[in-house]
Amino acid sequence: METPDPRLIAQVAQGIRERVLEHSIANNGGYMSQACSAAELLATCYGGGVRLAPVDSAYVPPAFDAVPVPGEELVTGAAAHGERAADLDRFIISPAHYALVVYAALIETGRLAKDALDHFNADGSTVEMIGAEHSPGFETTTGSLSQAISQAGGIALARRLKGETGRTWVFMSDGEFQEGQTWEAFQALSFHGLDTVRVIVDVNLAQCDGPMDQVMVIEPLADRLRAFGASVDAVDGHHIEALIEAMHREAEPGKPHVVLAYTDPVRGLPLLNERRPVLHYLRFTSEDERQRYADAYAELVGRDA
């Protein structure tokens, strides 16, 4: 598979920020800081860092009209990832509240219909605000938090038993390292020698209740992960070439590989700095504030042009 083009990835990342900001302004809210921090990460993943099958056309998300029952085919958002193959990767999204950012990344890379966000968070829609297994790009339900790494371990073990060579990727947020299940999962990955598991983490140092280090300190994260049997790269999460290099690095035999991508939760939208220390969700307090973000959007798009 060809090496991803950093210039195209940069364009996708810019498109993610613009699309999420436009949606947030129109709908009086959105997970904007996650778009700012993770734009390059998800653009790199969907831009070739994760080996997914190409798609013939953008996925049109179906309506959610019934709860799955035994014996019927399960509708999952994996359709946006293309056909599965033994030598291709699986991509599991862990923080379900990043859904809007994931949808934007899928749209920007031609994997999701451009009007999909028109159905965002609407009754009967699979384009959920908090992604579930039927939401575009979500292969499994992973919430509350931290369950995806365990699921990825099971998937990777099953793929090994079937003789498949593709990797199993997980996109995580740093807050998930405050959860005990994460560490149990890494212990299991190491014990079973699952070196086909690759993890990329948005280390934006912010969470729902404020700065990470004021809620529960997780550093030195790289040292802790190595102690649990993982190999680790720590990179600037906005440096696309560094991301590509870390994602393509050969794993140490028997060890899951983790890319800790340190990011800025206001990257590209400095106006968000006014909301520190709590950046988790953007909802406007007044029409004046909404207009200021609309002005910031106009500047962002103009600079992109």
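Along the sequence shown, the residues carry numbers beginning at 1. This is a predicted model, so every value here is computed, not measured.
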Tracing side-chain links under 4.5 Å among I, L, V, M, F, W and Y, which residues wind up in one group with Ile240?
Ile9, Ile244

Whichever hydrophobic residues join Val217 through chains of side-chain contacts under 4.5 Å:
none

Would you say [Y] and [X] are linked by a side-chain donor-acceptor pair, where the criterion is simply a distance under 3.5 Å?
X: Gln151; Y: Thr140; answer: yes
X: Asp89; Y: His81; answer: no
X: Gln178; Y: Gln207; answer: yes
X: Glu128; Y: His134; answer: yes
X: Glu287; Y: Gln291; answer: no
X: Gln187; Y: Ser190; answer: no
X: Asp202; Y: Thr263; answer: yes

Determine whether a donor-acceptor pair (N or O, by modelled atom type, separation under 3.5 Å) exists between the side chain of [X] and the backbone of [Y].
X: Ser150; Y: Ala185; result: no
X: Arg17; Y: Arg267; result: yes
X: Thr109; Y: Gly47; result: no
X: Glu22; Y: Arg19; result: no
X: Thr142; Y: Ser94; result: yes
X: Arg198; Y: Met247; result: yes

Which atom names give the shortest non-hydrogen contact between [X] and [Y], and what distance separates them?
X: Leu221; Y: Tyr262; value: CB-OH, 4.4 Å
X: Ala152; Y: Val197; value: O-CG2, 4.3 Å
X: Leu271; Y: Arg292; value: CD1-NH2, 3.3 Å
X: Arg111; Y: Ala53; value: NH2-O, 2.8 Å
X: Glu139; Y: Ala78; value: CG-CB, 3.6 Å
X: Leu243; Y: Ala261; value: CD2-CB, 4.0 Å

If you apply the rule side-chain contact (heavy atoms from CB on, under 4.5 Å), what do you find for Asn121 with Val127, and how did you get there?
CA-CA 6 Å; Asn121 203 32; Val127 188; over 6 Å; no

Identified ring-ring contact (aromatic ring centres under 6.0 Å, His included) counterpart of Tyr98 within the set Phe171, Phe138, Tyr31:
Phe171

So, applying ring-ring contact (aromatic ring centres under 6.0 Å, His included) with Phe228, which one of Phe191, Trp183, Phe186 is it?
Trp183

Crowding at [atom1], [X] (>12 non-hydrogen neighbours, <6.0 Å):
X: Asp123; atom1: CG; answer: no
X: Asp87; atom1: CG; answer: yes
X: Glu241; atom1: CD; answer: yes

Are [X] and [Y] linked, directly or through other ILVMFWY residues, by side chains that come within less than 4.5 angstrom of each other?
X: Val266; Y: Met32; result: yes
X: Val12; Y: Leu112; result: yes
X: Val55; Y: Ile93; result: no
X: Tyr103; Y: Phe91; result: yes
X: Leu41; Y: Phe177; result: no

Decide yes or no for [X] and [Y]: does some side-chain heavy atom of the first lie under 4.5 Å from some side-chain heavy atom of the second?
X: His23; Y: Leu100; result: yes
X: Leu272; Y: Cys36; result: yes
X: Glu18; Y: Leu21; result: no
X: Leu300; Y: Gln14; result: yes
X: Gln181; Y: Ile149; result: no
X: Asp195; Y: His257; result: no
X: Leu194; Y: Pro256; result: no
X: Ser33; Y: Arg275; result: no

Side-chain donor-acceptor contacts of residues 278-285 below 3.5 Å, not counting sequence neighbours, with atom names and distances?
{"from": "Tyr281", "atom 1": "OH", "to": "Gly30", "atom 2": "N", "distance (Å)": "3.4"}
{"from": "Arg283", "atom 1": "NH1", "to": "Asn28", "atom 2": "O", "distance (Å)": "3.0"}
{"from": "Thr285", "atom 1": "OG1", "to": "Glu289", "atom 2": "OE1", "distance (Å)": "3.0"}

In Å and rounded to the nearest 0.5 Å, what is the [atom1] to [atom2] distance from [X] to [Y]?
X: Asp264; Y: Glu40; atom1: CG; atom2: CD; result: 10.0 Å
X: Glu83; Y: Leu52; atom1: CD; atom2: CG; result: 12.0 Å
X: Ser231; Y: Arg249; atom1: OG; atom2: CZ; result: 9.0 Å
X: Asn27; Y: Met129; atom1: CG; atom2: CE; result: 9.5 Å
X: Arg51; Y: Cys45; atom1: CZ; atom2: SG; result: 13.0 Å
X: His97; Y: Ser173; atom1: NE2; atom2: OG; result: 5.5 Å

Does the side-chain contact (heavy atoms from CB on, under 4.5 Å) test come out yes or no for Leu260 and Leu225, once each step is laid out?
CA-CA 10 Å; Leu260 295 178; Leu225 282 163; 3.9 Å; yes

Stepwise, does the side-chain contact (heavy atoms from CB on, under 4.5 Å) test hold for Ile155 with Arg159?
CA-CA 6 Å; Ile155 291 169; Arg159 298 191 77 185; 4.0 Å; yes

Would you please test Arg226 and Asp233 for salt bridge (charged side-chain N to carboxylate O under 4.0 Å, His left out) and show each step?
CA-CA 10 Å; Arg226 292 186 182 107; Asp233 275 315; over 6 Å; no

Are Val235 and Val259 close enough, and set up right, to give a side-chain contact (heavy atoms from CB on, under 4.5 Å), and what steps lead you there?
CA-CA 7 Å; Val235 301; Val259 178; 4.0 Å; yes

Name all residues meeting the side-chain hydrogen bond (donor to acceptor under 3.5 Å, both in side chains) criterion together with [X]; count only those two or more places apart in sequence or in a different chain, and write none if there are none.
X: Tyr297; value: none
X: Ser125; value: none
X: Thr141; value: Glu133

